[in-house]
Structure formats: structure tokens, C-alpha cells
Amino acid sequence: KTLEEPPSHAIFILATTEKHKILPTILSRVQKFDFRRIKVNHVADHLAKICEKEGIEFEYEALQLIGLKADGALRDGLSIFDQIVSYSNKQITYDIVVENLQVLDYDYYFKTVDHILARDHESLLLLLHEIIDRGFEAKSFMIGLTEHFRNLLVARTPKTLGLLETSDNVKKRYLEQVKSISQNLLVNAFNLASEAERNMRSVDHPRLHIELALVKLAHLNGAIDLAIAAQKKPAEAVNERLSPSPSVSAEVTSPVAAMPVIKKKSKLGN
């Protein structure tokens, strides 16, 4: 009743993450405003203004990483920012943020793709061991690798490049690496990594599961080459059957014409 006939001096502000559960009678009497996640660069710009006011030295790439970790929530970004400022003695660098947030550096994922292109599964296994040895979970690495393939896929065309939310330096690396990857390999690698990440929830040994996925990724290019070759062989065989053989004489137009004629002797001996 109060919402239907509010007093003139009052304004009610209702907030929810589940708009579909609000009664139609209420929705018909209110103005609706949809709030969306804040973009990474907008969070970084806001943090940069705070740094300038407070006299804090910073690297913009580090602020972008904080914005990425905040996942569109400015409040979370400010909380992370305060922790890092107190930890870094008012000097916010990319390396300090990576260390403080326990975030895997982009460089690991770029190295992973380089090893995949080189079909070097030994280096992939050693790289995974290094990541785990640094205290990161194998599952976190797999989630990041799946996102890396997604970012490479987004970086393939100018139309989708705007979906890539990262620093300019990292964006350049994506644009450079995607030049050496075929779309066929990229789509299959994205699918394989996504499937491995999804199946990790039900496995007892995540590391072995990821090692198997990395070995498959390392030899994925070879599997694609074999599949393409297998598709070409039937077509080539058909073409060979349809084309005339060079060893057949052009004068022989019928199998009957090439058969020898056998004459029978008559009873009279003629």
C-alpha cells in the first residue's frame, strides 16, 4: 500500500540482482535503471585519479590488472587498491600487483601457446611444473589458458577487438601472436581447453588431467594436418579413377577390338 500510494516527501529506491522476481504491480509503478559492470579501463582511470591526488606512484598497467581482478565492481577495486598501497609503500607496479594478488603473469600463457605451436609437450609440462611450484593451482592455470584462447579468438578481427579488456601492451602481444595461429587450430584449442576445465570438477588428480590436456594441445596441429590429409585422399582417388591412364593406347576404343580372332577349321580340312 505504501509503494502504491507513497507520501509526497519520500522516494523509495529498490535494488535487486533478480529483477524478474519483482511483482508486476511494483514494476508498473517504478522507473527502472539497469546498472552494468564497470569496464576495466574505467576502474583504472578512477584509481589513477586517486593516485595523483594522494601522491602515489603507479604503473597504469598495474591499475588495469586491479580493475580486471575487481570484475566490474568499483568497491572491490578500491579494496584491492588500498591493500596494495599499504603493501607497496605507495609505489604500485605491475610486478607488485601480480605478486600481491597471486595472479599468473600473462607471459606464462603466451609461452604456453608458443610451445603448442612448436609441438613441444616437454616444455609445456616443465612450464606447468614451474607454475605449480610457485604456489598456483593447476585449475587456475587452466582457467586462465581457456581465457587466453578466447582473447586470441577475439583479437582475430577488428570487429571483436573491442571485447578485449586489457592493457595496450598486452593487447599488442595478442595481436602479434594470433598472426601465427590458424583459425582451425585456435577454435579446436579453445574447445579442448574449455572441456578440460569443465571436466576438472570431477577428477581426483587435476594435475594429471591438465598434463594430458597440454599433451593433446601440443599435438593438436598434427592431428588437424592428418584430418585434412584424410579428407583430401578420397577426392584425389576419385580424380585418378576418372582421368584416363597414360599407358592405354588411344587406338583401342573397345575391348572387343583388342581381342584376337580365332578361325575354326572345317571338317573338309579347308
Side-chain angles (χ1 to χ4, degrees), residues 65 68-69 71 94-95 97-157 160-161 163-167 169-234:
L65 187 57
L68 189 65
K69 190 70 174 178
D71 194 22
Y94 180 81
D95 292 336
V97 173
V98 168
E99 180 183 353
N100 187 270
L101 297 182
Q102 280 292 295
V103 177
L104 265 176
D105 193 356
Y106 287 105
D107 195 48
Y108 279 106
Y109 300 118
F110 285 106
K111 285 181 180 178
T112 299
V113 174
D114 288 339
H115 293 326
I116 290 172
L117 293 174
R119 308 184 186 189
D120 186 0
H121 70 266
E122 291 91 349
S123 296
L124 285 173
L125 296 178
L126 291 173
L127 186 64
L128 177 63
H129 175 75
E130 179 184 341
I131 291 169
I132 295 175
D133 196 48
R134 287 191 56 191
F136 294 97
E137 292 185 2
K139 182 179 180 180
S140 299
F141 165 72
M142 204 67 214
I143 293 173
L145 182 60
T146 305
E147 185 178 356
H148 186 80
F149 285 128
R150 176 264 180 192
N151 291 341
L152 286 171
L153 197 62
V154 164
R156 281 190 64 86
T157 58
T160 56
L161 187 60
L163 301 176
L164 192 61
E165 291 190 346
T166 183
S167 65
N169 292 334
V170 177
K171 187 178 293 186
K172 289 179 182 177
R173 294 188 67 180
Y174 276 119
L175 292 173
E176 188 64 30
Q177 189 173 66
V178 78
K179 293 178 182 178
S180 58
I181 307 175
S182 67
Q183 183 172 346
N184 202 352
L185 173 62
L186 185 54
V187 171
N188 281 278
F190 185 24
N191 181 55
L192 198 155
S194 178
E195 183 180 358
E197 177 193 336
R198 185 170 57 252
N199 293 337
M200 281 183 60
R201 303 167 188 170
S202 58
V203 297
D204 295 328
H205 302 287
R207 177 168 181 169
L208 293 177
H209 184 72
I210 292 178
E211 287 178 340
L212 177 60
L214 290 176
V215 172
K216 288 181 179 179
L217 285 169
H219 298 285
L220 184 59
N221 229 341
I224 292 173
D225 292 341
L226 289 174
I228 293 174
Q231 290 177 354
K232 288 182 178 180
K233 283 183 179 180

Provide the closest heavy-atom pair for [X] versus [Y] in the form atom of the first, atom of the second, distance.
X: Met200; Y: Pro206; answer: CE-CB, 3.9 Å
X: Ala196; Y: Met142; answer: CB-CE, 4.0 Å
X: Leu164; Y: Ala155; answer: CD2-CB, 4.3 Å

Given side chains that start at C-beta, do those of [X] and [Y] come closer than 4.5 Å, heavy atoms only?
X: Leu124; Y: Val215; value: no
X: Thr112; Y: Leu127; value: yes
X: Val103; Y: Val97; value: no
X: His148; Y: Leu152; value: yes
X: Ile210; Y: Leu145; value: no
X: Val154; Y: Arg150; value: yes

Inset, instruction - Without swapping roles, check the side chain of Gln177 against the backbone of Val113 for a donor-acceptor pair under 3.5 Å. - result: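 No; judged by distance alone, with no hydrogens or angles, the pair does not exist.
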| Just by modelled atom types, is the Asn184 backbone N or O under 3.5 Å from a matching donor or acceptor in the Asn188 side chain? |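 Yes.
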Distance from [X] atom [atom1] to [Y] atom [atom2], nearest 0.5 Å?
X: Leu128; Y: His121; atom1: CG; atom2: NE2; value: 13.0 Å
X: Leu153; Y: Leu163; atom1: CG; atom2: CG; value: 10.5 Å
X: Asp105; Y: Ile131; atom1: CG; atom2: CD1; value: 10.5 Å
X: Thr146; Y: Glu195; atom1: OG1; atom2: CD; value: 11.0 Å
X: Glu165; Y: Asn151; atom1: CD; atom2: CG; value: 10.0 Å
X: Ile181; Y: Leu186; atom1: CD1; atom2: CG; value: 5.5 Å

A quick test of your reading: do over 12 heavy atoms of other residues, nucleotides or ligands sit less than 6.0 Å from [atom1] of [X]?
X: Lys139; atom1: NZ; value: no
X: Glu130; atom1: CD; value: yes
X: Glu122; atom1: CD; value: yes
X: His205; atom1: NE2; value: no

### Query
Under the side chain to side chain contact (heavy atoms under 4.5 Å, CB included) criterion, do Ile116 and Leu220 qualify, and how do the steps go?
CA-CA 8 Å; Ile116 290 172; Leu220 184 59; 5.7 Å; no
Original post:
Between Tyr94 and Tyr106, how do the two ring planes meet: parallel, tilted or perpendicular, split at 30° and 60°?
Top reply: parallel
Notebook entry, point to check: Using 30° and 60° as the class limits, which term best fits the ring planes of Tyr109 and Phe141: parallel, tilted or perpendicular?
Noted result: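 Answer is parallel, since the angle falls under 30°.
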- Item | Charged N-O contact under 4.0 Å between Glu211 and Arg207 |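 Yes, Glu211 and Arg207 are salt-bridged.
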